[in-house]
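Worksheet: the structure to be examined is printed underneath.
All chains are named by letter (A, B, ...) in the order of the sequence lines, taking the proteins before the strands, and each is independently numbered beginning at 1. Predicted model only: the values in this text are computed from it and were never measured.
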2 protein chains.
Amino acid sequence: MTTPTRNRRAEILDAAAALFAERGFHGVSIEEIGAAVGVSGPALYRHFRGKEALLTEILLDISGRLSSAGATAAALDPAEALNVLLRGHIEFALGHPELIRVHERELHNVPEADRRAVRRLQRLYVEEWVGVVRDLHPGCAAARVRAAVHAVFGLLNSTPRSVGELGRAEMAAVLEAMALASLRAAVSGR
Amino acid sequence: MTTPTRNRRAEILDAAAALFAERGFHGVSIEEIGAAVGVSGPALYRHFRGKEALLTEILLDISGRLSSAGATAAALDPAEALNVLLRGHIEFALGHPELIRVHERELHNVPEADRRAVRRLQRLYVEEWVGVVRDLHPGCAAARVRAAVHAVFGLLNSTPRSVGELGRAEMAAVLEAMALASLRAAVSGR
DNA sequence: GCCTCACGTTAGTCGCCATTAACATTGACG
DNA sequence: CGTCAATGTTAATGGCGACTAACGTGAGGC
């Protein structure tokens, strides 16, 4: 065997994420995750402490990926930064709808101890957006901006539910237009 | 005892919905649902066929409530109809965030046989929106409108994740402005 | 040629939980 | 009163599934 597969660990994480997205954390057994990568059952314990550790790692990775896309935006002027954040998020949501689903739905299955860390990353990501939007519209109350950003995430993350109706490029364009318009509307209210 | 509680059945459904929203379908035991209404465990089987039947009924009820709010909109002119749909949805989302959560997350735990019925109601609701929006913007492709409507739902349903940052009235206003602006942006693209 | 490490395997074990059984209680109603 | 229907209760029962044990095996290093 000599691991012709790049990295068994990563392979398992991908398979688990896809299964969790489809049937939910409790709807998938360790055995099934193993089967999805060609080993069976308890082999996973050679790579992860347990099922929950798997989920934790998946969620941390997702949050990290989203945030890192935003880190490159930090140096730009606000308008450009917002574009980078927005395109990055859309790219990710259209490219990995399963991950978006897991990220949205499964936090409560992460053991209490690790949940703080996941939440911290999520909060950081939100604050990246909030910071950029506030730079663009300094007069707007922070609470309102935060609410608007959450709403935009909801809009962008709806992707996994409306798959394939539009081509990917058009879908991206529609989402971008909607996100920008709704943000503008939110911050211009006061 | 003589049932001073209006209806045990409804009471159970409410408690179950709240618990499912908080910890997910599999994160809640029958025993806990019973405890939440002051009876314990298998008493629920006097009212429901089983745990899944409970969830099914909850989801059907939610979809029904959303749709019915929209049914009154049918007779109005498109612009008014959209307002009625939008305000109805916002009202519901802000008033029952738990139900929105359950509605979004738990469909896959409904037994195959009943899932069709739930999905049918959901589709009907989406089509109410799509119909109204297409009346308002006849030049826009149906697929694009559908995608936009899904995105708006995502926006409106983000509420349960951004609770309490804003007062309810302001939150409603923000959501309404964002939804209208994003819809307009989506349909004006082509 | 051995030792050991990395990775797997199969066969338990154990606990949780939905569901069912068997047995009250109580109020309406004749 | 006695009966019935509605509604609960507490003890099984049974299955599923996470996790652990005990046991290969093959590849490098020495």
Side-chain angles (χ1 to χ4, degrees), chain A residues 1-59 102 106-115, chain B residues 1-59 102 106-115:
Chain A
M1 298 270 163
T2 67
T3 58
T5 49
R6 252 206 332 293
N7 192 1
R8 190 44 67 92
R9 227 183 123 74
E11 214 182 342
I12 293 171
L13 285 170
D14 287 353
L19 287 169
F20 290 163
E22 196 184 317
R23 307 213 295 275
F25 182 72
H26 291 289
V28 178
S29 72
I30 286 284
E31 185 65 36
E32 287 171 304
I33 299 171
V37 301
V39 303
S40 258
L44 303 195
Y45 289 85
R46 298 292 169 195
H47 302 276
F48 300 93
R49 237 211 238 133
K51 197 185 180 190
E52 286 178 332
L54 247 171
L55 179 63
T56 299
E57 197 152 329
I58 290 171
L59 288 190
V102 175
E106 305 292 358
L107 180 58
H108 62 96
N109 286 313
V110 171
E112 180 59 29
D114 305 324
R115 213 175 305 164
Chain B
M1 299 272 162
T2 64
T3 58
T5 49
R6 253 209 331 293
N7 193 1
R8 191 41 67 93
R9 228 183 121 75
E11 214 182 342
I12 293 170
L13 286 171
D14 287 353
L19 287 169
F20 290 162
E22 197 184 318
R23 307 213 295 275
F25 182 73
H26 292 289
V28 178
S29 71
I30 285 284
E31 185 66 35
E32 288 172 303
I33 299 171
V37 300
V39 304
S40 259
L44 303 195
Y45 288 83
R46 298 292 171 193
H47 302 276
F48 300 93
R49 237 211 236 134
K51 199 185 178 189
E52 287 178 332
L54 248 171
L55 179 63
T56 299
E57 196 152 328
I58 290 170
L59 288 190
V102 175
E106 305 292 359
L107 180 57
H108 61 97
N109 286 314
V110 171
E112 180 59 29
D114 304 325
R115 213 175 304 164

Inset, instruction - Mind calculating the distance between CZ (A:Phe25) and P (D:dC16) to the nearest angstrom? - result: 19 Å

Legend entry - Of the listed nucleotides D:dA18, D:dT7, C:dT20, the one nearest the side chain of A:Tyr45: D:dA18

Inset, instruction - Report the distance from atom CD of B:Glu52 to atom C1' of C:dA18, rounded to the nearest whole Å. - result: 10 Å

Legend entry - side-chain N/O A:Arg8 vs C:dG8 OP1/OP2, d < 4.0 Å: yes

Legend entry - Minimum heavy-atom distance A:Arg8-A:His47, with the two atoms named: CG-NE2, 3.6 Å

Inset, instruction - Give the nucleotide from the list C:dA22, C:dT9, C:dT19 with an atom nearest to the side chain of B:Lys51. - result: C:dT19

Inset, instruction - Quickly work out the B:Arg9 CZ to D:dG8 P distance and round it to whole Å. - result: 13 Å

Legend entry - Position toward the 5' end of DNA chain C (nearest nucleotide), B:Gly50 or A:Ile12: A:Ile12

Legend entry - Options C:dC17, D:dT9, D:dA18, nucleotide nearest the side-chain atoms of A:Ser29: D:dA18

Legend entry - Closest listed nucleotide, where the reference is the side chain of B:Pro42 and the choices are C:dA21, C:dT9, D:dT20: C:dA21

Legend entry - Side-chain donor/acceptor of A:Arg115 to backbone N/O of A:Val110, under 3.5 Å: yes

Inset, instruction - Provide, to the nearest angstrom, the distance between the CZ atom belonging to B:Phe48 and the P atom belonging to C:dA18. - result: 15 Å

Legend entry - side chain to side chain contact (heavy atoms under 4.5 Å, CB included) between B:His26 and A:Phe25, worked out: CA-CA 9 Å; B:His26 292 289; A:Phe25 182 72; over 6 Å; no

Inset, instruction - Grab the two heavy atoms, one from A:Ala43 and one from A:Val39, that are nearest each other, plus how far apart they are. - result: CB-CG2, 3.8 Å

Inset, instruction - Might you point out which heavy atoms bring B:Ile58 and B:Ala17 nearest each other, and give the distance in Å? - result: CD1-N, 3.7 Å

Legend entry - Nucleotide D:dA18, atom P - distance to CD1 of A:Ile33 in whole Å: 8 Å

Inset, instruction - Rounded off to whole Å, could you give me the CG-to-C1' distance for the A:Asn109 and D:dA18 pair? - result: 14 Å

Inset, instruction - Quickly work out the A:Ile30 CD1 to C:dT9 C1' distance and round it to whole Å. - result: 16 Å

Legend entry - Of B:Ala43 and A:Val28, the one whose closest DNA chain D nucleotide lies more 5': B:Ala43

Legend entry - Side-chain N,O (A:His47) to OP1/OP2 (C:dG8) below 4.0 Å: yes

Inset, instruction - To the nearest Å, give me how far apart CZ (A:Arg49) and C1' (D:dT20) are. - result: 15 Å

Legend entry - B:Arg46, nearest nucleotide to its side chain (from C:dT19, D:dA18, D:dT9): D:dT9

